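One structure is given below, encoded as structure tokens.
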2 protein chains.
Amino acid sequence: MTAHSTPRPSRRERPSKPALTRDGIIETAVALMGAEGLRRVTMRRLAQELDTGPASLYVYVRNTAELHAAVLDELLGAVDLSPATASGDWRDRLVRVLTSYTRVLFEHPGLARSALVARPSGDRYLDLLDALLSLLSEGGVPADRAAWAVDLLLQFATATAAEHAAGEKDPADAEGEWAALARALRGASATRHPHVAALGTELLSGPGEARLNWGFHVLINGIPHTPRPGATGAEATGSADWTEPP
Amino acid sequence: MTAHSTPRPSRRERPSKPALTRDGIIETAVALMGAEGLRRVTMRRLAQELDTGPASLYVYVRNTAELHAAVLDELLGAVDLSPATASGDWRDRLVRVLTSYTRVLFEHPGLARSALVARPSGDRYLDLLDALLSLLSEGGVPADRAAWAVDLLLQFATATAAEHAAGEKDPADAEGEWAALARALRGASATRHPHVAALGTELLSGPGEARLNWGFHVLINGIPHTPRPGATGAEATGSADWTEPP
DNA sequence: ACCTGAACACCGTTCAAGT
DNA sequence: ACCTGAACACCGTTCAAGT
């Protein structure tokens with residue numbers, strides 16, 4: 001029996017226990033999230049899964065926020081970036097990539113919440129940034145503006161997914177919140193809140209997908225019309241010119 | 001001594017202990033947040049402040065999310081809505097109201113985080129909605145579009161404030177996250193991530209205020225150019241026309 | 001040098017049992 | 001009817017002490 005054929009000595013209780021490395025920890029975290037949801041991906045529960053104490057994880061991961069960011073970066077591998085190199089209108093393809101990103105986050109809204117605060121910075125995230133920047137560049141968006149635009153687009157997608165984090169655990173809670181807002185809107189006083197009263201629950205209307213799509217298009221239509229302040233020396237006397245012909 | 005001049009009997013330990021009512025609880029929560037920050041506004045800590053057990057609070061408040069939403073609504077009283085009824089370009093005045101809203105949230109980014117998931121639905125929030133809707137109406141934005149636009153504008157402002165929730169406790173954490181992303185961007189491979197590499201930390205550049213302002217203007221410029229799908233019978237064969245002349 | 005048991009200082013929420 | 005003590009089932013993070 002040669003060395004290469006020797007199965008590595010398995011630990012007593014779990015033959016396939018992953019090695020305690022950063023990658024192993026994150027891999028286990030992803031699996032745990034798939035099995036039990038993000039809210040079970042805690043330092044303690046994860047340590048338990050790895051047959052160790054929570055303190056051990058702090059050797060490889062700074063804190064819970066960093067752990068979640070790493071998990072998200074892993075998940076970002078599922079985003080479809082192929083439209084970036086396909087043919088067709090750049091705007092449509094931009095929306096396709098962003099929609100794919102949003103769909104991935106919708107699966108784990110809690111992760112979207114974390115992403116707003118602790119952004120991922122791994123390879124998958126850079127892949128996504130690069131794809132979006134290449135589409136904006138193709139669309140003739142100046143580089144300085146694209147740098148800000150990519151943030152704006154991702155922030156909108158992320159925030160939209162994060163909104164669904166309500167009642168990830170208990171759907172009754174989410175319903176309660178929604179119902180409270182709907183009640184408030186329906187009951188709006190025509191004298192104190194005339195515009196709200198006139199619209200009523202129209203303010204909450206429409207399928208989420210249509211609103212998401214509309215939002216993407218508002219941004220994509222607005223970006224070419226909105227130069228960065230001072231970009232071409234227009235800031236002058238304090239109040240920049242915030243519009244520009246297409 | 002008549003009844004109206006009789007001071008109400010004070011409880012032994014805290015003469016000015018607020019009554020245990022919903023309003024009293026929320027008032028105390030606001031004070032506690034001012035004194036110790038949002039992360040101390042927990043059911044347990046709040047109960048302690050009110051000299052009772054946490055279970056008592058559940059008679060008046062459904063859960064922690066609802067508590068935070070109520071606190072936020074209270075805070076929204078500080079938003080300056082006066083530009084809504086002032087004179088001048090409606091776009092500028094819209095930005096002024098939104099900037100005031102964002103400034104209030106910046107003081108308590110954790111609350112902005114909650115707001116993305118559990119929106120407030122109190123009077124202050126309706127006041128804000130109505131002010132924004134009146135400005136959009138003044139700008140000639142069709143009502144159905146304004147209903148979605150107001151959401152989009154507030155979501156952007158809220159998400160921007162929420163991003164600052166990183167390191168609300170320990171500034172070192174926030175620095176760590178930011179540094180990690182900056183390192184990743186600077187170290188981007190020119191072959192795998194050419195666009196990211198070309199921009200580098202330009203992606204993180206600029207004062208937050210300028211980016212916020214730019215974002216508002218992108219939205220405000222995009223909204224008049226982007227009809228809601230099917231609004232005027234244009235949806236036809238599945239792919240709506242997502243642009244419109246100003 | 002590397003790792004971790006045990007502790008510190010907390011959480012949200014529920015419910016049986018009191019008044 | 002209204003309220004709550006006590007319990008249940010957890011948290012993140014640190015650090016002294018082990019190997």
Side-chain angles (χ1 to χ4, degrees), chain A residues 11-14 17-26 28-29 32-33 36-71 110 113-114 117-118 165-174 176-177, chain B residues 11 13 17-22 24-26 28-29 32-33 36-71 110 113-114 117-118 165-177:
Chain A
R11 290 192 182 70
R12 218 170 279 115
E13 288 138 33
R14 294 191 174 223
K17 170 179 170 178
L20 203 60
T21 61
R22 190 176 208 272
D23 285 352
I25 287 169
I26 289 162
T28 307
L32 183 58
M33 185 178 64
E36 308 186 6
L38 180 69
R39 82 181 176 290
R40 294 285 179 225
V41 184
T42 64
M43 293 303 230
R44 292 180 101 104
R45 179 72 185 79
L46 185 54
Q48 183 187 317
E49 201 69 11
L50 291 160
D51 289 330
T52 184
S56 308
L57 303 182
Y58 285 84
V59 176
Y60 306 97
V61 169
R62 197 189 309 271
N63 52 40
T64 308
E66 198 200 276
L67 172 68
H68 286 177
V71 167
R113 268 195 106 184
S114 320
V117 172
E168 217 184 341
K169 179 182 200 157
D170 183 0
D173 283 359
E177 290 292 335
Chain B
R11 287 190 183 73
E13 289 139 33
K17 173 179 170 180
L20 204 61
T21 62
R22 191 175 207 272
I25 288 169
I26 289 162
T28 306
L32 182 57
M33 185 177 64
E36 307 187 7
L38 180 69
R39 81 180 176 292
R40 295 284 180 226
V41 184
T42 64
M43 293 303 229
R44 292 180 101 106
R45 179 73 186 76
L46 185 54
Q48 182 187 317
E49 201 69 11
L50 291 160
D51 289 330
T52 184
S56 307
L57 303 182
Y58 285 84
V59 176
Y60 306 97
V61 169
R62 196 189 310 272
N63 53 37
T64 308
E66 199 200 275
L67 172 67
H68 286 177
V71 167
R113 269 195 105 183
S114 321
V117 172
E168 217 185 342
K169 179 184 198 158
D170 183 1
D173 284 359
E175 218 181 319
E177 290 293 336

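Note that the structure is predicted; figures quoted are calculated from it, not measured. Quick note on labels: first sequence line is chain A, next is B, and so on, each numbered from 1.
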Say whether, by atom type as modelled, one donor and one acceptor occur between the side chain of His68(A) and the main chain of Ala118(A) under 3.5 angstrom. no
Considering only atom C1', compute the distance from dA16(D) to dC3(C) and round it to an integer number of Å. 12 Å
Contact under 4.0 Å: Thr52(B) side-chain N or O vs dT4(D) OP1/OP2: yes
Check for a donor-acceptor pair, side chain of Arg22(A) on one end and backbone N or O of Tyr60(A) on the other, with a separation under 3.5 Å. yes
Tell me the closest heavy-atom pair linking Glu36(B) and Arg45(B), and the distance in Å. OE2-NH2, 2.8 Å
Rounded to the nearest Å, what distance is computed from the CE atom of residue Met43(B) to the P atom of nucleotide dC10(C)? 18 Å
Check whether any side-chain N or O of Thr64(B) sits under 4.0 Å from OP1 or OP2 of dC11(C), and answer yes or no. no
Rounded to the Å, how far apart are Glu36(A) CD and dC10(D) C1'? 14 Å
If I compare all heavy atoms of Asn63(B) with all of Met43(B), which pair ends up nearest, and what's the gap? C-CE, 3.8 Å
Reckon Tyr60(B) has a side-chain N or O less than 4.0 Å from the OP1 or OP2 of dC3(D)? yes
Would you mind pulling out the nucleotide paired to dC10(C), Watson-Crick or G-U wobble, both distances under 3.5 Å? none
Pick the nucleotide of DNA chain D nearest each of Gly53(B) and Val41(A); which residue has the one closer to the 5' end? Gly53(B)
In whole angstrom, what separates Arg40(B)'s CZ from dC10(C)'s C1'? 8 Å
Do you know the tightest heavy-atom contact between Ala29(A) and Leu67(A)? CB-CD1, 4.1 Å
Starting at atom CD of Gln48(A), determine the distance to atom P of dG5(C), rounded to an integer number of angstrom. 13 Å
Toward the 5' end of DNA chain C, by each residue's nearest nucleotide, Ala55(B) or Val59(A): Val59(A)
Same-atom distance (P) from dA9(C) to dC10(D), integer angstrom: 23 Å
Minimum-distance nucleotide to Arg44(A) side chain [options: dT4(D), dT13(C), dC11(D)]: dC11(D)
Rounded to the nearest angstrom, tell me the gap between atom CG in Leu46(A) and atom P in dT13(D). 13 Å
Could you give the CG-to-C1' distance, from Asp51(A) to dG5(C), as a whole number of Å? 15 Å
Rounded to the nearest angstrom, tell me the gap between atom OH in Tyr58(B) and atom P in dC3(D). 17 Å
Let me know the distance between CG of Leu57(B) and P of dG5(D), rounded to the nearest Å. 11 Å
Considering every strand shown, what is the Watson-Crick or G-U wobble mate of dA16(C) when both distances are under 3.5 Å? dT4(D)
